[in-house]
Participant: 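Could you have a look at this structure, given as structure tokens, before my questions?
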Number of protein chains: 2
Amino acid sequence: MLSFRCDARYAALVTGVRARVRAELTAEIKAIARRQIAEDGPANINLRAIARELGMVSSAIYRYFASRDELLTALLVDAYNDLGEITERADAAVAEVDPTDVEGRFVAVATAAYAWARAEPNQYLLLFGTPVPGYSAPTDTVAPATRFTSVLLRILDEAGRLGARPVVVPAVPPGVPDDLQRVRDLTATAASDELMLAGMQVWTALFGAISFILNGQFRNVIGDVDAMFAEFARMLARQVFPHESDARR
Amino acid sequence: MLSFRCDARYAALVTGVRARVRAELTAEIKAIARRQIAEDGPANINLRAIARELGMVSSAIYRYFASRDELLTALLVDAYNDLGEITERADAAVAEVDPTDVEGRFVAVATAAYAWARAEPNQYLLLFGTPVPGYSAPTDTVAPATRFTSVLLRILDEAGRLGARPVVVPAVPPGVPDDLQRVRDLTATAASDELMLAGMQVWTALFGAISFILNGQFRNVIGDVDAMFAEFARMLARQVFPHESDARR
DNA sequence: ACCGAAACGAGAGCACTGCTCTTGCTTTCT
DNA sequence: AGAAAGCAAGAGCAGTGCTCTCGTTTCGGT
């Protein structure tokens with residue numbers, strides 16, 4: 001969404017008008033689909049409705065996306081990139097002031113992710129809700145999906161450099177260290193097994209909290225869910241990144 | 001699923017054969033739908049396929065469930081009851097040995113919930129995945145949904161009696177105490193605001209971990225996700241129920 | 001024991017979906 | 001300039017949830 005205009009202009013220079021209108025139409029299809037998702041949920045994108053809105057016949061859509069799943073994949077990639085970019089910025093904003101403020105960086109990232117999820121609940125659900133049945137995300141989705149996790153891993157890396165240890169020190173199960181080493185190699189980070197495991201626990205907790213709030217599990221229970229989430233984020237940060245004077249277990 | 005045979009027999013005594021075959025057919029429809037959900041996910045139950053399998057015509061199904069959503073609701077209630085019953089049993093098994101072993105009780109409940117989710121991933125997703133769009137769970141689903149949370153609340157209640165405080169003590173946001181008091185009144189429990197808030201955070205974390213594992217977010221990253229979850233459960237328990245000798249923050 | 005009322009299954013049908021295939025037309029490449 | 005590729009349109013297929021009507025079967029009150 002952020003870059004299709006550039007794509008279109010680029011295409012116009014390199015190739016002819018056909019390529020340009022193709023890029024524009026592709027972007028329009030995606031835009032309408034995104035709106036459909038926002039309104040009716042990820043499961044309810046409707047190719048025929050998109051075609052109708054564009055004044056086309058439904059079969060024409062298939063020139064641009066081979067199937068409904070392919071359209072979904074494109075939107076998935078965009079959503080991962082949006083979330084990745086937003087959290088990268090949130091982290092950078094704190095890190096450029098004080099890169100060692102790992103608690104602040106985590107809270108900023110969590111808050112940014114939450115704000116995005118609240119603003120675009122159905123896009124969030126597209127990423128972290130029930131996977132569409134029979135649909136397995138192709139390999140081109142993994143790179144954008146990694147962006148967000150990379151942000152967290154960099155914070156963990158910095159925390160490791162500072163000698164932080166989680167409040168509740170995990171007992172690393174056998175076999176897991178090899179998996180974690182592979183992650184370290186791939187991401188060029190160096191946090192300890194304990195820190196990474198705690199980080200992953202907090203990562204799942206973060207998305208659990210967002211999902212619960214989004215799915216309305218706290219409806220009629222907690223009024224100010226935003227305030228509750230803010231406190232959850234602070235607690236999570238403290239659980240992985242205690243001040244060094246604190247006792248741990 | 002656990003009780004439809006009894007329902008059928010009961011109906012046979014109280015009313016005639018028509019009521020019995022109705023109860024049996026209702027149960028059969030639900031059983032087939034449950035199998036469909038297990039195979040193809042919650043979004044893909046198919047009334048016509050159910051009718052075909054029963055040798056009926058599709059319109060006949062509507063004598064038993066007024067719509068697809070109503071069928072879904074019935075399955076939702078069953079799933080909530082299954083999860084509630086399983087976790088109640090897991091808690092009771094530990095509690096009858098030592099009711100004050102709140103950490104053990106929590107781990108038992110978490111483990112049981114995870115085992116159920118792994119065995120019936122799509123049923124779990126029916127409860128905690130993306131809500132079906134345009135579908136708002138009617139009021140008859142809230143009672144069974146409360147069963148599981150009640151288990152957690154009773155553990156928190158016991159922990160409060162023992163004087164436990166979470167490792168990271170939450171700063172209770174303004175407004176939230178009123179909400180929590182309402183929960184205490186409704187459930188006849190008496191845990192402190194801090195303990196309840198920490199409990200809710202851990203509750204969301206628990207489901208976040210299960211959802212992440214179920215959705216395959218750790219695929220190609222962590223091999224032994226079961227072991228990882230077991231450790232997560234232990235960490236979560238420790239975060240809310242530290243041993244009283246431990247320092248807290 | 002009977003008879004009106006209610007419940008039921010079958011069947012046809014409606015509006016809708018994703019998707020395919022063919023048919024002409026237009027842009028692009030050589 | 002002509003072949004090749006890209007394109008929109010239209011018809012059509014198989015499938016869905018759901019509605020309505022029509023005989024038949026069962027139930028409940030008299």
Side-chain angles (χ1 to χ4, degrees), chain A residues 7-8 10-30 32-33 35-37 39-76 132-136, chain B residues 7-8 10-30 32-33 36-37 39-75 132-136:
Chain A
D7 290 354
Y10 176 78
L13 295 175
V14 170
T15 61
V17 299
R18 178 160 256 172
R20 181 171 65 233
V21 317
R22 181 179 179 86
E24 277 174 0
L25 249 176
T26 306
E28 275 187 86
I29 291 171
K30 275 166 52 168
I32 295 175
R35 211 202 53 223
Q36 285 185 348
I37 286 183
E39 288 169 0
D40 303 326
N44 289 33
I45 57 173
N46 183 334
L47 295 190
R48 290 183 109 108
I50 295 174
R52 239 174 277 134
E53 191 163 329
L54 289 172
M56 301 168 70
V57 108
S58 72
S59 60
I61 299 285
Y62 291 84
R63 295 271 169 200
Y64 300 88
F65 294 94
S67 70
R68 213 182 86 128
D69 277 4
E70 200 170 283
L71 215 197
L72 264 178
T73 302
L75 297 173
L76 203 70
V132 180
Y135 169 78
S136 72
Chain B
D7 289 353
Y10 177 77
L13 295 174
V14 169
T15 61
V17 299
R18 178 161 257 172
R20 180 171 65 232
V21 318
R22 181 179 178 84
E24 277 173 0
L25 250 176
T26 306
E28 275 187 86
I29 291 171
K30 276 167 51 168
I32 295 175
Q36 285 185 349
I37 286 183
E39 287 170 359
D40 303 325
N44 287 32
I45 58 172
N46 183 332
L47 295 189
R48 290 181 109 107
I50 294 174
R52 241 175 276 132
E53 191 163 329
L54 289 172
M56 300 166 71
V57 108
S58 72
S59 60
I61 298 285
Y62 290 84
R63 297 271 172 201
Y64 300 88
F65 295 94
S67 70
R68 214 182 86 128
D69 277 5
E70 200 171 281
L71 214 197
L72 264 178
T73 301
L75 297 173
V132 179
Y135 168 79
S136 73

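So that the names make sense, note that chain A is the first sequence line, chain B the second, and so on, each numbered from 1.
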Participant: Give a yes/no answer on whether the side chain of R63(B) brings an N or O atom under 4.0 Å of OP1 or OP2 in dG9(C).
Facilitator: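 Result: no.
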Participant: Looking at R22(B), is its backbone amide N or carbonyl O close enough to the side chain of R63(B) to form a donor-acceptor pair, meaning the two atoms are under 3.5 Å apart?
Facilitator: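 No, because the side chain of R63(B) does not come within donor-acceptor range (under 3.5 Å) of the backbone of R22(B).
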Participant: Whole angstrom is fine here: how far is it from CD1 in I61(A) over to C1' in dG6(D)?
Facilitator: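 About 16 Å, once rounded to whole Å.
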Participant: Does dC16(C) have OP1 or OP2 sitting under 4.0 Å from an N or O in the side chain of N46(A)?
Facilitator: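 Looking at the OP1 and OP2 atoms of dC16(C), neither is under 4.0 Å from any side-chain N or O of N46(A).
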Participant: Would you kindly check whether a donor in the side chain of S59(A) faces an acceptor in the base of dG10(D), or vice versa, at under 3.5 angstrom?
Facilitator: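 Side chain to base: pair present.
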Participant: Indicate yes or no: does R35(A) engage E53(A) in a salt bridge with an N to O separation below 4.0 Å.
Facilitator: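 Yes.
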Participant: Give the rounded distance in Å between these two atoms: CD of E28(A) and P of dA8(D).
Facilitator: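 Atom CD in E28(A) sits about 12 Å away from atom P in dA8(D).
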Participant: So I45(B), base contact, sugar-phosphate only, or nothing? Heavy-atom distance under 4.0 Å.
Facilitator: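 Counting heavy atoms under 4.0 Å across all strands, the contact made by I45(B) is with sugar-phosphate only.
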Participant: Heavy atoms from C-beta onward define the side chain here; which of dA8(D), dG9(C), dA6(C) lies closest to that of Y64(A)?
Facilitator: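 The answer is dA8(D), which lies nearest to the side chain.
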Participant: Given 3.5 Å as the limit, does a donor-acceptor pair link the side chain of R68(B) with the main chain of N46(B), or not?
Facilitator: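 Judged by distance alone, no pair lies under 3.5 Å.
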Participant: Can you tell me how far apart OG1 (T73(B)) and CZ (F65(B)) are? Round to the nearest 0.5 Å.
Facilitator: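 Rounded to the nearest 0.5 Å, the OG1-CZ separation comes out at 10.0 Å.
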Participant: How many Å lie between CZ on R18(B) and P on dA7(C), as a whole number?
Facilitator: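 It is 9 Å, rounded to the nearest whole Å.
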Participant: Quick check on dC7(D): is either OP1 or OP2 less than 4.0 Å from any side-chain nitrogen or oxygen of Y62(A)?
Facilitator: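 The answer is no; no side-chain N or O of Y62(A) sits under 4.0 Å from OP1 or OP2.
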Participant: OP1 or OP2 of dT17(C) versus the side-chain N and O atoms of R48(B): is any pair under 4.0 Å?
Facilitator: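 It does not, given that no N or O in the side chain of R48(B) lies less than 4.0 Å from OP1 or OP2 of dT17(C).
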Participant: With heavy atoms under 4.0 Å as the rule, sort S58(A) into base, sugar-phosphate or nothing.
Facilitator: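 S58(A): base contact, heavy atoms under 4.0 Å.
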Participant: Take the protein atom CG of L72(B) and the nucleotide atom C1' of dG17(D), then report the distance between them rounded to whole Å.
Facilitator: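 In whole Å, dG17(D) C1' and L72(B) CG are 13 Å from each other.
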Participant: Considering only side-chain heavy atoms of R52(A), which listed nucleotide, dT17(C), dG10(D), dG18(C), is closest?
Facilitator: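 The nucleotide sitting nearest to the side chain is dT17(C).
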Participant: For L47(B) and dG15(D), what is the distance between atoms CG and P respectively, to the nearest whole Å?
Facilitator: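 Checked: the CG to P distance equals 16 Å.
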Participant: Say you draw a straight line from CD1 of I61(A) to CD1 of I32(A); how long is it, rounded to the nearest 0.5 Å?
Facilitator: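 If we round to the nearest 0.5 Å, I61(A):CD1 and I32(A):CD1 are 7.5 Å apart.
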Participant: Taking any heavy-atom pair under 4.0 Å as a contact, classify L25(A): base, sugar-phosphate, or nothing.
Facilitator: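 Here L25(A) touches the backbone only, sparing every base.
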Participant: Measure the distance from CD on E24(B) to P on dC8(C) and round it to the nearest whole Å.
Facilitator: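 After rounding, the reported distance stands at 14 Å.
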Participant: Nearest whole angstrom, please: distance from the P of dT26(C) to the CZ of R22(A).
Facilitator: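 Going from R22(A) (CZ) to dT26(C) (P), I get 19 Å.
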Participant: Can you check the L71(A) CG to dC19(C) C1' distance for me, whole Å?
Facilitator: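 These atoms are roughly 14 Å apart.
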